[in-house]
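The next block holds one structure in the form of structure tokens; read it before the comments.
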Amino acid sequence: MAELSEARKRANKKWDEKNKEKKKLYTYRSTARSFVKNLASEQDLLELRQLIDERLNQKEKTQ
């Protein structure tokens, strides 16, 4: 992987500081996807499916 230029590093840092909530969301989303794809057991996946179904039902009731 190529080194980032100093200008790119500064730009990334500036974006990170300006978009803390977006960065947090992207990090959590990436971690969750990685867990599901690479580490989750069948039991983990079933539990996650249940949590997702519950969350979707909550969203439907509030809309």
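Along the sequence shown, the residues carry numbers beginning at 1.
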(Q) So for atom CD, which belongs to Glu42, do other residues, nucleotides or ligands contribute more than 12 heavy atoms lying within a distance under 6.0 Å? (A) no
Q: Report the distance from atom NZ of Lys23 to atom OH of Tyr28, rounding to the nearest 0.5 Å.
A: 12.5 Å
Q. In terms of side-chain heavy atoms, does Glu54 have a donor or acceptor partner in Gln50 at a distance below 3.5 Å?
A. yes
Q: Write down the atom of Lys59, the atom of Thr62, and the distance for their closest heavy-atom approach.
A: O-OG1, 3.0 Å
Q: Might you work through the side chain to side chain contact (heavy atoms under 4.5 Å, CB included) test for Arg10 and Glu6, ending with a clear yes or no?
A: CA-CA 6 Å; Arg10 283 192 308 272; Glu6 288 302 315; 3.7 Å; yes
Q: Would you sort out whether Arg33 and Arg29 count as a side chain to side chain contact (heavy atoms under 4.5 Å, CB included), showing the intermediate values?
A: CA-CA 6 Å; Arg33 287 177 174 166; Arg29 183 184 301 154; 3.5 Å; yes
**Q.** Leu46, Leu51, Ile52 screened by side chain to side chain contact (heavy atoms under 4.5 Å, CB included) with Arg49, the one that passes
**A.** Leu46
Q. Could you state the interatomic distance from OH (Tyr26) to CG (Asn19), rounded to the nearest 0.5 Å?
A. 7.5 Å
**Q.** Asn12 (side chain) donor-acceptor with Lys9 (main chain) under 3.5 angstrom
**A.** no
Q. Under the 3.5 angstrom rule, does the side chain of Thr31 hit a backbone N or O of Thr27 as a donor-acceptor pair?
A. yes
Q: First locate atom CG of Leu48, then atom CD of Gln43, and finally report the distance between them rounded to the nearest 0.5 Å.
A: 10.0 Å
(Q) How long is the straight-line distance from CD of Glu60 back to CG of Asn57, given to the nearest 0.5 Å? (A) 5.5 Å
